[in-house]
**Q** 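Take this structure first; my questions come after.
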There are 2 protein chains.
Amino acid sequence: MPKTKQFDEALVLQKARDVFWKKGYNATSMDDLVQATGLSRSSIYDTFTDKHGLYVQALQQYQEFQRVGLTSDMPKGLSPRKKIEWLFNKSISASMADPDRKGCFMLNSTTELANMDPRISKEAVKNLEMMELLFLSWIKEGQASGEISKKFTAKAIAHHLNSSFNGLKLVAQTKPDKDALRDIAKISLSVLDPD
Amino acid sequence: MPKTKQFDEALVLQKARDVFWKKGYNATSMDDLVQATGLSRSSIYDTFTDKHGLYVQALQQYQEFQRVGLTSDMPKGLSPRKKIEWLFNKSISASMADPDRKGCFMLNSTTELANMDPRISKEAVKNLEMMELLFLSWIKEGQASGEISKKFTAKAIAHHLNSSFNGLKLVAQTKPDKDALRDIAKISLSVLDPD
DNA sequence: TTTGTTTTGGAATGAACGTTCCAATATTAT
DNA sequence: ATAATATTGGAACGTTCATTCCAAAACAAA
């Protein structure tokens, strides 16, 4: 009997995410979101509770897309070291290809909101820890095979890669210079070289 | 004959900066700024034109303070390598000591505003280039004395340090774990080691 | 003290904000 | 077709926003 939902929730989240991503949370108005999604205010509030709820869900979808994209987009059969290199290079390409210089949505959310908004802080920490575990597993594997240096502990290297990955994205957002970004990736990853 | 200004402009900028730093540009209201500075709306608008003008001046003051603090706070007579270490360690201490987790004001400004606001983007790039030149001079000096490896060009290492420095600050803002931050500094700077 | 000028507090303004609300609409099961 | 129910568009609400404005106050020079 009931009328069925007229829109695809995941698609709406993507559109909302793009606006939030480009303008930030506070600079995005509900009018912007109504325009971008094509939905009416009623439908947005009915589905996502409020602006904050919509933002959180958009951010979660982004993080899930990123996480899934990591393994699905990556060529199969790469060695641990090559996986890391592929990830850094993909980030460089993405930064250089974005005419809006939006940077990383998770990173932007962290700096704009995390210190005042525990809900966002939680997502940021969760994402950081997910990346750390991913790096950690690759590094351990690489150290076991001898592809990655054992001069530092796997955990310490994972911390370093996490930081480097963020630094790379930040520099790319500030001044997208491909040569500089290549330098950064090259030197950041040089600590993986076995002796 | 005229009445003289009743307040110290630099002090007002500091107070405004602290609010902007903690809450971000868009989440800070003029009411917040009136309260924090103790000035009336008239005085603020008369002196700084508008909210945006006040923000830009606060950001410029911050960047100038940072730049000057680099050389004035640093112990004299350090070797290039030790200067870099001191800088990274100082950043770690600052992050761990801030109960508000505000992060770096320049970095926050960049991610919140730079892609939509050319004025802010200009400041961000200027700051990035200033840091790059600083690192570059230290690295060249260290490479000349043999304290720093010549395996990479000074410019490439400068790019790397710039990125690492930003990555460190971002991780510290997301999850201030002293051991992890120490790992990051240690490994990021290990590329300086001569063979 | 008086004069000339600037600063200042605080009220006022109009636009924009997030959110609520409801009548009209659309859809499915009967 | 009809009934039942959820969705929808858009008007309306009260707040908060950045900014303007002006009379009153404060100060320096005469």
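The chains referred to below are lettered A, B, ... by the order of the sequence lines, with proteins before strands, and numbering in each begins at 1.
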**Q** Side chain of A:Ser42, heavy atoms from C-beta onward: which of C:dT7, C:dC21, C:dG9 has the nearest atom to it?
**A** C:dC21
**Q** Taking atom types as modelled, find out whether A:Gln60 and A:Glu123 have a side-chain donor-acceptor pair closer than 3.5 angstrom.
**A** yes
**Q** Quick test of your reading: applying side-chain hydrogen bond (donor to acceptor under 3.5 Å, both in side chains), list the pairs with at least one residue in residues 135-158 of chain A, sequence neighbours left out, ordered by first then second residue.
**A** A:Ser79-A:Glu147
**Q** Starting from A:Leu107, walk the hydrophobic network (Ile, Leu, Val, Met, Phe, Trp, Tyr; side-chain heavy atoms closer than 4.5 Å) and list everyone else you reach, by chain and number.
**A** A:Leu170, B:Leu107, B:Leu170
**Q** Please, which pairs that meet ring-ring contact (aromatic ring centres under 6.0 Å, His included) have at least one residue in residues 167-193 of chain A, sequence neighbours excluded?
**A** none
**Q** Grab the CG-C1' distance between A:Asp46 and C:dA26 for me, whole Å please.
**A** 15 Å
**Q** Starting from B:Phe7, walk the hydrophobic network (Ile, Leu, Val, Met, Phe, Trp, Tyr; side-chain heavy atoms closer than 4.5 Å) and list everyone else you reach, by chain and number.
**A** B:Val12, B:Leu13, B:Val19, B:Phe20, B:Trp21, B:Tyr25, B:Met30, B:Leu33, B:Val34, B:Leu39, B:Ile44, B:Tyr45, B:Phe48, B:Leu54, B:Tyr55, B:Val56, B:Leu59, B:Tyr62, B:Phe105, B:Met106, B:Leu113, B:Ile120
**Q** Report the hydrophobic cluster partners of B:Leu133, with the cluster defined as I, L, V, M, F, W, Y residues connected by side-chain heavy atoms closer than 4.5 angstrom, directly or transitively.
**A** B:Leu136
**Q** Which ILVMFWY residues can you reach from B:Val68 by hopping between side chains whose heavy atoms are under 4.5 Å apart?
**A** none
**Q** Verify the contact: side-chain N or O of B:Ser40 to OP1 or OP2 of C:dT8, cut-off strictly under 4.0 Å; return yes or no.
**A** no
**Q** Using whole Å, what does the distance between atom C1' of nucleotide C:dT19 and atom OH of A:Tyr55 come to?
**A** 20 Å
**Q** Nearest whole angstrom, please: distance from the P of C:dC21 to the CD1 of A:Ile44.
**A** 17 Å
**Q** Kindly give the atom pairs (protein nitrogen or oxygen, nucleotide nitrogen or oxygen) under 3.5 Å for nucleotides 14-18 of chain C.
**A**
from: C:dG18; atom 1: OP1; to: A:Thr28; atom 2: O; distance (Å): 3.2
from: C:dG18; atom 1: OP1; to: A:Lys51; atom 2: NZ; distance (Å): 2.8
from: C:dG18; atom 1: OP2; to: A:Met30; atom 2: N; distance (Å): 2.7

**Q** Rounding to a whole Å, what distance do you find between A:Phe48:CZ and C:dT19:P?
**A** 14 Å
**Q** For DNA chain D, which residues of residues 10-22 of chain A approach it to below 4.0 angstrom with any heavy atom?
**A** none
**Q** Considering residues at least two apart in sequence or located in another chain, which fulfil the side-chain hydrogen bond (donor to acceptor under 3.5 Å, both in side chains) criterion with A:Asp98?
**A** A:Lys102
**Q** Could you tell me the separation between the CZ atom of B:Phe165 and the CD1 atom of B:Ile184, rounded to the nearest 0.5 Å?
**A** 12.5 Å
**Q** Can you tell me the distance, in whole Å, between the CD atom of B:Gln35 and the P atom of D:dA18?
**A** 13 Å
**Q** With salt bridge (charged side-chain N to carboxylate O under 4.0 Å, His left out) as the rule and sequence neighbours excluded, what pairs involving residues 180-193 of chain B come up?
**A** B:Arg81-B:Asp193
**Q** Which pairs pass side-chain hydrogen bond (donor to acceptor under 3.5 Å, both in side chains) with one or both residues in residues 168-180 of chain B, sequence neighbours excluded?
**A** A:Glu129-B:Lys175, B:Asn108-B:Gln173
**Q** Where are the stems of DNA chain C, defined as at least 3 consecutive Watson-Crick or wobble G-U pairs with both distances under 3.5 Å?
**A** C:1-30 with D:1-30
**Q** What is the distance from CZ of B:Phe7 to C1' of D:dA25, rounded to the nearest Å?
**A** 16 Å
